[in-house]
Amino acid sequence: MIREYRTIEEVAGPLMLVKQVEGVKYDELGEIELPNGEVRRCRVLEVNGRNVLVQLFESAAGINLADSKVRFTGHGVELPVSQNMLGRVFNGMGEAIDGGARLIPEKNLDINGTPINPAARYYPSEFIQTGVSTIDGLNTLVRGQKLPIFSGSGLPHANLAAQIARQAKVRNADDKFAVVFAAVGITFEEADFFISDFKKTGAIDRTVLFINLASDPAIERISTPRMALTAAEYLAFECDMHVLVIITDITNYAEALREVSAARKEVPGRRGYPGYLYTDLATLYERAGRKMGSEGSITMIPILTMPEDDKTHPIPDLTGYITEGQIILSREMYRKGYMPPVDVLPSLSRLKDKGIGEGKTREDHSATLNQLFAAYARGKEAKELMVVLGEAALSPIDRLYAQFADEFEARYINQGFEENRSIEETLDLGWELLSILPKSEMKRIKPEMIEKYWPKKA
């Protein structure tokens with residue numbers, strides 16, 4: 001039997017203290033009934049004897065301490081799940097906001113999920129094609145990987161996120177591929193952009209969208225990524241689908257954590273973020289992966305904006321420790337008008353070697369990848385020398401490398417947000433650009449591969 005309490009002692013911002021309760025557990029979901037019959041939800045943050053501190057999902061405005069009733073449901077926050085979620089739009093609390101029919105759930109799942117036993121994890125090894133050359137060709141995404149995108153304020157990470165959601169696929173498994181897209185703390189204009197882009201391109205049919213607006217309460221912002229990952233776990237591990245989870249923007253999530261932590265008067269850590277930020281982020285990121293007994297997988301691309309473009313800020317810093325690499329967007333590339341503005345040299349995918357090669361992409365992938373990195377790095381050095389000493393001071397081969405760097409940026413990095421390149425097109429373009437240099441400079445590619453793939457001049 002659910003008991004009701006009229007023992008609300010105090011409300012302070014998003015927090016409320018309820019006294020003289022029995023049998024209430026940490027993280028339990030509660031409901032507050034106002035005198036006018038309106039019901040608002042809350043979650044138990046702290047249990048101290050018979051007193052509990054709860055966090056409100058909605059505003060505290062209008063709560064009358066004497067006349068409002070609180071009841072606890074006996075379970076945590078849950079998400080109703082079903083395969084019919086595909087093609088639907090939900091808010092940060094898992095309620096449909098697209099005007100469609102009410103979802104009939106197959107089950108209700110706790111949004112905190114269940115950790116994957118490390119011994120039951122498969123090692124990521126299958127290539128996911130995003131259609132973006134700088135990711136597919138140089139920082140390959142592998143099924144089951146966590147590969148974040150580090151952006152800055154004002155950079156077009158929303159466009160890149162929409163492009164990846166639209167184009168990504170596991171080759172030879174199109175029918176079982178799904179995207180779960182969580183937008184955390186975004187503006188109404190951004191929400192409208194994502195929804196209309198997915199509908200316009202038809203990508204909505206294989207996508208589950210969770211939209212949390214900047215005007216929504218902070219607690220909902222903390223729940224949104226967990227709602228998305230719960231939906232992904234259901235589709236991946238119970239429906240055997242390959243699921244790509246895109247979460248934008250993790251910075252807004254961390255800001256909400258900081259806000260709640262400050263309201264609880266916890267001792268702050270770096271830059272005012274709670275000391276458990278690392279652990280909290282890990283509980284999100286580590287829900288990605290593949291596990292034994294299931295054909296499905298969860299691959300994750302969290303997107304975060306680095307405050308002041310600072311890679312040492314706690315959010316990108318801790319994210320880098322937990323995930324397997326990072327794609328970094330560059331303000332310099334953006335100023336040049338190259339889209340997506342990926343900064344190739346500091347970007348990294350630690351699992352790229354596991355998802356490329358014969359039978360996965362193409363036999364020449366690994367060698368051309370290393371050669372492109374080396375040639376571009378040398379070309380950038382040559383361009384820096386050119387600025388200081390002038391072009392006349394460069395050797396003929398350095399002038400070729402500088403030309404290669406310019407062409408590489410203009411053609412390989414710059415592809416726009418609409419072009420969807422197959423991995424074969426990306427690799428062929430890489431060879432075309434390498435042919436600017438003499439064959440004698442191909443020190444990272446075997447002669448037989450040069451013979452096979454070197455472009456034949458017309």
Side-chain angles (χ1 to χ4, degrees), residues 130-141 147-164 166-167 190 193 197 248-249 251 301 303-311 313 316 325-349 368-394 397-421 425-437:
T130 65
V132 180
S133 289
T134 44
I135 298 177
D136 293 349
L138 303 174
N139 297 289
T140 313
L141 180 65
L147 185 63
I149 294 174
F150 290 3
S151 182
S153 58
L155 295 181
H157 47 269
N159 302 67
L160 180 57
Q163 182 179 17
I164 293 171
R166 201 168 57 235
Q167 297 177 177
E190 285 178 298
F193 162 74
D197 184 84
T248 178
D249 179 340
T251 302
I301 300 182
I303 297 172
L304 55 96
T305 48
M306 301 177 287
E308 299 167 9
D309 293 359
D310 179 10
K311 286 197 272 286
H313 186 278
Q326 67 275 333
I327 306 292
I328 297 178
L329 301 192
S330 152
R331 215 164 279 282
E332 181 196 350
M333 289 290 169
Y334 181 60
R335 278 195 288 266
K336 288 181 179 177
Y338 294 157
M339 302 296 162
V342 175
D343 196 351
V344 166
L345 295 178
S347 295
L348 166 72
S349 169
T368 53
L369 177 157
N370 292 329
Q371 190 66 61
L372 284 167
F373 263 121
Y376 182 53
R378 184 165 169 188
K380 293 273 278 186
E381 286 172 15
K383 287 178 70 178
E384 285 166 16
L385 272 175
M386 197 189 294
V387 170
V388 178
L389 304 173
E391 189 174 344
L394 295 185
I397 191 68
D398 277 342
R399 280 201 286 274
L400 280 178
Y401 271 108
Q403 182 195 341
F404 169 85
D406 287 335
E407 288 280 322
F408 180 81
E409 288 176 0
R411 296 177 59 198
Y412 196 97
I413 295 175
N414 181 35
Q415 71 172 80
F417 293 117
E418 300 302 322
E419 187 179 350
N420 185 0
R421 293 179 184 163
E425 289 171 329
T426 290
L427 291 171
D428 290 345
L429 177 58
W431 278 105
E432 201 179 314
L433 292 167
L434 287 172
S435 69
I436 292 169
L437 304 168

If you round to the nearest 0.5 Å, how far is [atom2] of [Y] from [atom1] of [X]?
X      : Y      : atom1 : atom2 : result
Leu372 : Thr134 : CG    : OG1   : 12.0 Å
Ser349 : Leu138 : OG    : CG    : 10.5 Å
Asn139 : Ile149 : CG    : CD1   : 10.5 Å
Leu155 : Met333 : CG    : CE    : 12.5 Å
Phe150 : Thr251 : CZ    : OG1   : 9.5 Å
Arg166 : Asp197 : CZ    : CG    : 5.0 Å

Give me the atom names and distance for the closest heavy-atom approach of [X] to [Y].
X      : Y      : result
Ile436 : Phe404 : CD1-CA, 4.2 Å
Gly137 : Leu369 : O-CD1, 3.3 Å
Leu434 : Gln371 : CD2-CG, 3.7 Å
Gln326 : Leu147 : N-CD1, 3.8 Å
Tyr401 : Ala375 : CD2-O, 3.6 Å

Quiz: residues 378-393 side-chain donor-acceptor pairs under 3.5 angstrom, not counting sequence neighbours:
{"residue": "Arg378", "atom": "NE", "partner": "Asp398", "partner atom": "OD1", "Å": "3.4"}
{"residue": "Arg378", "atom": "NH2", "partner": "Asp398", "partner atom": "OD1", "Å": "3.1"}
{"residue": "Lys383", "atom": "NZ", "partner": "Asp406", "partner atom": "OD1", "Å": "2.6"}

Please list, one pair per line, the donor and acceptor atoms closer than 3.5 Å that link side chains of residues 410-418 to other protein atoms, with sequence neighbours excluded.
{"residue": "Arg411", "atom": "NH2", "partner": "Glu432", "partner atom": "OE2", "Å": "2.4"}
{"residue": "Asn414", "atom": "OD1", "partner": "Met339", "partner atom": "N", "Å": "3.0"}
{"residue": "Gln415", "atom": "OE1", "partner": "Ser133", "partner atom": "N", "Å": "2.8"}
{"residue": "Gln415", "atom": "OE1", "partner": "Ser133", "partner atom": "OG", "Å": "3.4"}
{"residue": "Gln415", "atom": "NE2", "partner": "Gly131", "partner atom": "O", "Å": "3.0"}
{"residue": "Gln415", "atom": "NE2", "partner": "Glu419", "partner atom": "O", "Å": "2.9"}

Does any non-hydrogen side-chain atom of Pro341 lie less than 4.5 Å from one of Pro156?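 When only atoms from C-beta onward are counted, Pro341 and Pro156 do touch, with a gap below 4.5 Å.
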Got a salt bridge between Arg331 and Asp309, using NZ or NE/NH1/NH2 to carboxylate O under 4.0 Å?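 Asp309 and Arg331: salt-bridged.
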Under the ring pair (Phe, Tyr, Trp, His ring centres under 6.0 Å) rule, collect the residues that match up with His157, sequence neighbours excluded.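 Listed in chain order: nothing, the list is empty.
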For Tyr376, which residues count as a ring pair (Phe, Tyr, Trp, His ring centres under 6.0 Å) partner, sequence neighbours excluded?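 Tyr376 satisfies ring pair (Phe, Tyr, Trp, His ring centres under 6.0 Å) with Phe408 only.
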Using the side-chain hydrogen bond (donor to acceptor under 3.5 Å, both in side chains) criterion, which residues pair with Ser347? Sequence neighbours excluded.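 Applying side-chain hydrogen bond (donor to acceptor under 3.5 Å, both in side chains) to Ser347 gives none.
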Applying side chain to side chain contact (heavy atoms under 4.5 Å, CB included), name anything that partners Gln167, two or more places apart in sequence or on another chain.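 Gln167: side chain to side chain contact (heavy atoms under 4.5 Å, CB included) contacts with Val132, Gln163, Asn420.
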Under the criterion side-chain contact (heavy atoms from CB on, under 4.5 Å), which of Leu348, Ile135, Ile164 is the partner of Ile327?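 Testing Ile327 for a side-chain contact (heavy atoms from CB on, under 4.5 Å) against Leu348, Ile135, Ile164 leaves exactly one candidate, Ile135.
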Is there a donor-acceptor pair under 3.5 Å between the side chain of Asp343 and the backbone N or O of Ile328?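 A pair under 3.5 Å: no.
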